[in-house]
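Naming convention: chains lettered A, B, ... in sequence-line order (proteins, then strands); numbering from 1 in each chain.
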2 protein chains.
Amino acid sequence: MTKAGVDAVLAALADPTRRALLDALSARGQASASALAGDLPVSRQAIVKHLAVLEEAGLVSSERAGREVRYTLRSQALDATARWMAGLAADWDRRLATIKRLAEEPD
Amino acid sequence: MTKAGVDAVLAALADPTRRALLDALSARGQASASALAGDLPVSRQAIVKHLAVLEEAGLVSSERAGREVRYTLRSQALDATARWMAGLAADWDRRLATIKRLAEEPD
DNA sequence: ATTACCTGCAACCAAAGAGTTGCACATAAC
DNA sequence: GTTATGTGCAACTCTTTGGTTGCAGGTAAT
C-alpha cells in the first residue's frame, strides 16, 4: 500500500461520524446515501461528503443503479492499513531493542 | 483496547506531521521536544502540542530528566489499533459473505 | 553570578473540515 | 402527467486545529 493510500485511510478513519457510517454500511451490506442518512443524526449531504472521503480512501465503492447510488464496503484498504500499522509497531520494537542493547553493552 | 483509545490513536495518526514526528522519534529512540524540533520544519511549540496529542493517545510516553523532557515511543497502542483494524476488516468480510450467500440462496 | 538552554503558558492567526440549507435535475411510482 | 424520491451542486456558518510568536521560569554550564 502506498504512503498516500495509508494517509487517506487514516484521515478517513479519524472521524467518528465516518466510522459510524462504515458501521451502518456494514449492517446493511449495501445502501444509498439517503438510506444511510436515516441511520445517523446528520443530513444526507453530510453523509454524501463522508462517503466521498471514504471512497477516495478506498474504503467503500459506489455503483449507480437507476436513480440511486449504492455504496459497498471494501475491506482490502482497511486490511492493508492494519498490516502497515502492525509493521510499524514491529519496526519500533526492533529499533528500541537495538538501542537498549547498545546502551547496556559494555564499551 | 477501548473505543476511546482507538479513537485517540486514529486521530493522532491522521496528521502527517505527527507521523513524521513518530518517525524522527523512532530514529532517535528517545528525544526532547527541542531536539525533535531540529528534525522537522515546524516550531518547538508545534512539536510540543503534537507530542501531547501522541501521549494522550498512548503512542509516546514522557519522562522528565533534569531540565529536559525525554519522549519515547510506545508500540502497544499502535499494535492494539492494528489488531482492531484487522478485526474490523475480517468482520466486514464475514458480513458481506453472509449477505452474498443469502442473496444467492434460492427462497 | 551570569549566561545559555529547555520547558510552560497564553494569545493570536489562518486554514481545514464538519455540518447546514436551498435549489435544480433526473428517475421511478401512481 | 403528476407526484414523490434520490441525487448533485453551491453557498454559507461554525468549530477545530495546526501553526506562530512572545514572554516568563527553571536548570544546567562557565
Side-chain angles (χ1 to χ4, degrees), chain A residues 3-25 27-73, chain B residues 3-25 27-73:
Chain A
K3 196 178 181 69
V6 170
D7 190 289
V9 171
L10 290 176
L13 290 178
D15 183 73
T17 303
R18 226 130 51 201
R19 287 201 301 280
L21 188 51
L22 290 172
D23 239 44
L25 195 51
R28 292 179 177 267
Q30 193 172 40
S32 68
S34 296
L36 290 166
D39 295 348
L40 302 183
V42 293
S43 71
R44 174 186 63 91
Q45 282 306 326
I47 301 278
V48 170
K49 285 190 192 177
H50 283 308
L51 284 170
V53 173
L54 292 170
E55 184 162 25
E56 186 68 27
L59 291 168
V60 306
S61 66
S62 65
E63 177 196 6
R64 173 140 230 149
R67 75 176 161 185
E68 65 180 37
V69 177
R70 303 222 185 91
Y71 292 86
T72 319
L73 293 174
Chain B
K3 196 176 180 68
V6 170
D7 189 289
V9 171
L10 290 175
L13 290 178
D15 182 73
T17 302
R18 227 130 50 200
R19 286 200 302 279
L21 189 51
L22 290 172
D23 240 44
L25 195 51
R28 292 179 176 267
Q30 193 172 41
S32 69
S34 297
L36 291 165
D39 295 348
L40 301 184
V42 292
S43 72
R44 174 186 62 92
Q45 283 304 326
I47 301 279
V48 170
K49 285 190 191 176
H50 282 309
L51 284 170
V53 173
L54 291 170
E55 185 163 24
E56 186 68 25
L59 291 168
V60 306
S61 66
S62 64
E63 178 197 4
R64 174 140 228 149
R67 74 179 162 182
E68 64 180 40
V69 177
R70 302 221 185 91
Y71 292 87
T72 319
L73 293 175

Can you tell me how far [atom2] of [N] sits from [atom1] of [X], to the nearest Å?
| X | N | atom1 | atom2 | result |
| --- | --- | --- | --- | --- |
| Leu54(A) | dG17(C) | CG | P | 14 Å |
| Glu55(A) | dG8(D) | CD | P | 10 Å |
| Glu68(B) | dA4(C) | CD | P | 19 Å |
| Leu13(A) | dA18(C) | CG | P | 12 Å |
| Leu51(A) | dG17(C) | CG | C1' | 16 Å |
| Asp15(B) | dG17(C) | CG | P | 11 Å |
| Arg18(A) | dA16(C) | CZ | P | 15 Å |
| Arg70(B) | dA28(D) | CZ | C1' | 13 Å |

Can you tell me how far the [atom1] atom of [X] sits from the [atom2] atom of [Y], to the nearest 0.5 Å?
| X | Y | atom1 | atom2 | result |
| --- | --- | --- | --- | --- |
| Asp23(B) | Leu36(B) | CG | CG | 11.5 Å |
| Glu55(B) | His50(B) | CD | NE2 | 15.0 Å |
| Thr72(A) | Leu25(A) | OG1 | CG | 7.0 Å |
| Thr17(B) | Leu22(B) | OG1 | CG | 11.0 Å |
| Leu13(B) | Arg19(B) | CG | CZ | 7.0 Å |
| Asp15(B) | Leu21(B) | CG | CG | 9.5 Å |

Going by heavy atoms closer than 4.0 Å, what residues in residues 34-45 of chain B are next to DNA chain D?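 Contacting residues: Val42(B), Ser43(B), Gln45(B).
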
Are OP1 or OP2 of dG17(C) and a side-chain N or O of His50(A) less than 4.0 angstrom apart?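 No, no such contact exists.
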
Does Thr17(B) have a side-chain nitrogen or oxygen under 4.0 Å from the phosphate oxygens OP1 or OP2 of dG19(D)?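 Yes, within the criterion.
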
Can you find an N or O donor on one side and an acceptor on the other, under 3.5 Å apart, linking the side chain of Arg67(A) with the base of dT7(D)?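 A donor-acceptor contact between them is absent.
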
Ignoring hydrogens and geometry beyond distance, is the side chain of Lys49(A) in donor-acceptor contact with the base of dG17(C) at under 3.5 Å?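 Check fails, no donor-acceptor contact within cut-off.
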
Is it true that a side-chain atom of Arg64(A) and a backbone atom of Gly66(A) form a donor plus acceptor pair closer than 3.5 Å?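 Here the side-chain-to-backbone pair exists.
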
Between Ile47(A) and Ala37(A), what is the shortest heavy-atom contact and its length?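 Taking every non-hydrogen atom into account, CG1-CA, 3.9 Å.
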
Please name the pair of heavy atoms, one in Ala12(B) and one in Ala57(B), separated by the smallest distance, quoted to 0.1 Å.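 Smallest interatomic distance, heavy atoms only, reads CB-CB, 3.9 Å.
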
Work out how much the helix from dA1(C)-dT30(D) to dC30(C)-dG1(D) bends between its end axes, five pairs an end, to the nearest 10 degrees.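 It comes to 30° between the two terminal axes.
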
